[in-house]
Protein chains: 2
Amino acid sequence: MKYISATARKSGRPRTFDAETALDKAMKVFWEKGYEGSSLPELTEAMGMNRPSLYAVFGNKENLFRMALERYAASHDPLFNAALAQPTARAVVEYFLRGNADAQTESENPHGCLVINGALACSDDALPIRDTLIERRAASEGKLRARLERAKADGDLPADSCSGQMARYVMTVSNGMAVQAAAGATRKQLQEVVDQVLRGWPS
Amino acid sequence: MKYISATARKSGRPRTFDAETALDKAMKVFWEKGYEGSSLPELTEAMGMNRPSLYAVFGNKENLFRMALERYAASHDPLFNAALAQPTARAVVEYFLRGNADAQTESENPHGCLVINGALACSDDALPIRDTLIERRAASEGKLRARLERAKADGDLPADSCSGQMARYVMTVSNGMAVQAAAGATRKQLQEVVDQVLRGWPS
DNA sequence: TGAGTTTTTTACTGATCGGTTCATAATGAG
DNA sequence: CTCATTATGAACCGATCAGTAAAAAACTCA
């Protein structure tokens, strides 16, 4: 997904904003207030640009959200991939959940997870957004499941364990941590939740 | 919280609706679409009443939501209390989470949990609602913590275990299950998540 | 300087939001 | 039959929603 007015502009009045940092600001507004809870005045205010410029560069509110979501994913995928690259299933889960606990409680960002805060229960208008977020979570769960399946083959998970159930369990904890974080839970509290998960983890 | 126009009416034109069932309908709309995602036309349509009647009986949208929330709590508290009354910590947790898995995937109700779907990330207008929901969840967590504390004294939890951390862990799983349910997870899938929790539970 | 290009600013659109006004309809009581 | 009471339906309120039109402003290049 590309900006509508690209950066390679020949001439004309210079922009008073940087598209990249403006998108970053929009991402944070959506992150904190969700898709429907974020109004255009709030977005343009945070992004430091006026409404026609927003529409010229980002299309419309829905497209802006999708671009913000891409940006969010791009900055969080490395952590997820690093988790998947850990040598054992236990290490994968610990890396994933501890990374989540940290990412969901950064002082410079809204707490919680954009992929959940964006739209959980919403009006009919926002259903396409909600469904996109659901798909993204399902995709992550699928990757985690595949990784745990491999762990079974590697022998660091019991042969009779169900990777699909375990992946869903881990994702459920991650989702719950996002809810807790959005409600004000501290980083320490979330890490303690991870402690409990690891205490019960097989092997 | 009481209906504004009580049921003991002396005379006048009879109502075309029953306040109790209308509130039930409103609860389901809020449950499915959240506080902000539910519009007054949707609410009045579902409740089978017109707008002035809604305002006469329920005050305003926020008050209607709070009454719907009370109703929701009244119908779900018995399950929670029954869980707390189980003889062992393990039984408490199992009863609580299995009950949640069922309650969040009833065919006749929206999936997920009103106390989470109601308002997770929202506009500034809905912050009082969001905070009320956060308090409710914290209250439940507190009761669960107290119950696990007693379990430690009873000896069915290790003496060195932290009831606060375990309670938050269980609540986090419950919250995560609500997110999963809202996203379309089946009852069986949620019960499998509970299986994973119990597999790792001490004792 | 002047033409062409792009963004800014301001004001606007139609739709919808939560909430209300008011005349009318339907009842029970006297 | 009349009157007080209560609920109904429809129309309305100001505010806000997402999205746009149009003209002025600021730049490059000739």
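Residue numbering restarts at 1 for every chain, and letters A, B, ... go by the order of the sequence lines. Values below: all heavy atoms of this structure, side chains included; hydrogens, waters and symmetry mates excluded.
Judged as a side-chain hydrogen bond (donor to acceptor under 3.5 Å, both in side chains), and not counting sequence neighbours, A:R145 has no contacts. Partners of A:Y169 according to the ring-ring contact (aromatic ring centres under 6.0 Å, His included) rule, which considers only residues two or more places apart in sequence or in another chain, do not exist here. Residues forming a side-chain hydrogen bond (donor to acceptor under 3.5 Å, both in side chains) with A:D24 (at least two apart in sequence, or on another chain): A:R71.
Distance CD (A:E62) to P (D:dC17): 18 Å, rounded to an integer number of Å. Atoms CG (B:L64) and P (C:dG19) sit 10 Å apart, rounded to a whole Å. Between B:N63 atom CG and C:dG18 atom P the separation is 15 Å, expressed in whole Å. Going from atom CG of B:L54 over to atom P of C:dG18 covers 11 Å, rounded to whole Å. The distance between atom CZ of A:F58 and atom C1' of D:dT20, rounded to the nearest whole Å, is 18 Å. We find that CG of A:D18 is positioned 13 Å from P of C:dT7, with the value rounded to whole Å. The distance from atom CZ of B:R15 to atom P of D:dT8 is 7 Å, rounded to the nearest whole Å. The CG atom of B:D125 sits 14 Å away from the C1' atom of C:dG19 (whole-angstrom rounding).
Relative to the side chain of A:N50, the nucleotides D:dT8, C:dG19, C:dT9 differ in distance, and C:dT9 lies closest. Of the candidates D:dT8, C:dG4, D:dA18, D:dA18 carries the atom nearest the A:Y55 side chain, counting heavy atoms from C-beta on. Considering only the side chain of B:N60, C:dG19 comes nearest among D:dT8, C:dA26, C:dG19. Relative to the side chain of B:K61, the nucleotides D:dA7, C:dG18, C:dT8 differ in distance, and C:dG18 lies closest. When each of C:dA25, C:dT8, D:dT20 is scored by its nearest atom to the side-chain atoms of B:R13, the top-ranked nucleotide is C:dA25.
Positionally, the nearest nucleotide of DNA chain D for B:T16 lies more toward the 5' end than for the other of B:R51 and B:T16.
Residues in residues 77-99 of chain A take part in these side chain to side chain donor-acceptor pair (under 3.5 Å) pairs, two or more places apart or across chains: A:E94-A:R98, A:R98-A:Q191, A:R98-A:D195. Applying the salt bridge (Lys or Arg N to Asp or Glu O under 4.0 Å) definition to pairs two or more places apart or across chains, those involving residues 162-177 of chain B are B:E141-B:R168.
Here A:K25 does not pair with A:E45 in a salt bridge; the nearest charged N to carboxylate O distance is not below 4.0 Å. Using a 4.0 Å cut-off between charged nitrogen and carboxylate oxygen, A:E62 and A:R66 count as a salt-bridge pair.
Looking at residues 30-45 of chain B, you'll see B:S38, B:S39, B:L40, B:P41 sit with a heavy atom under 4.0 Å from some atom of DNA chain C.
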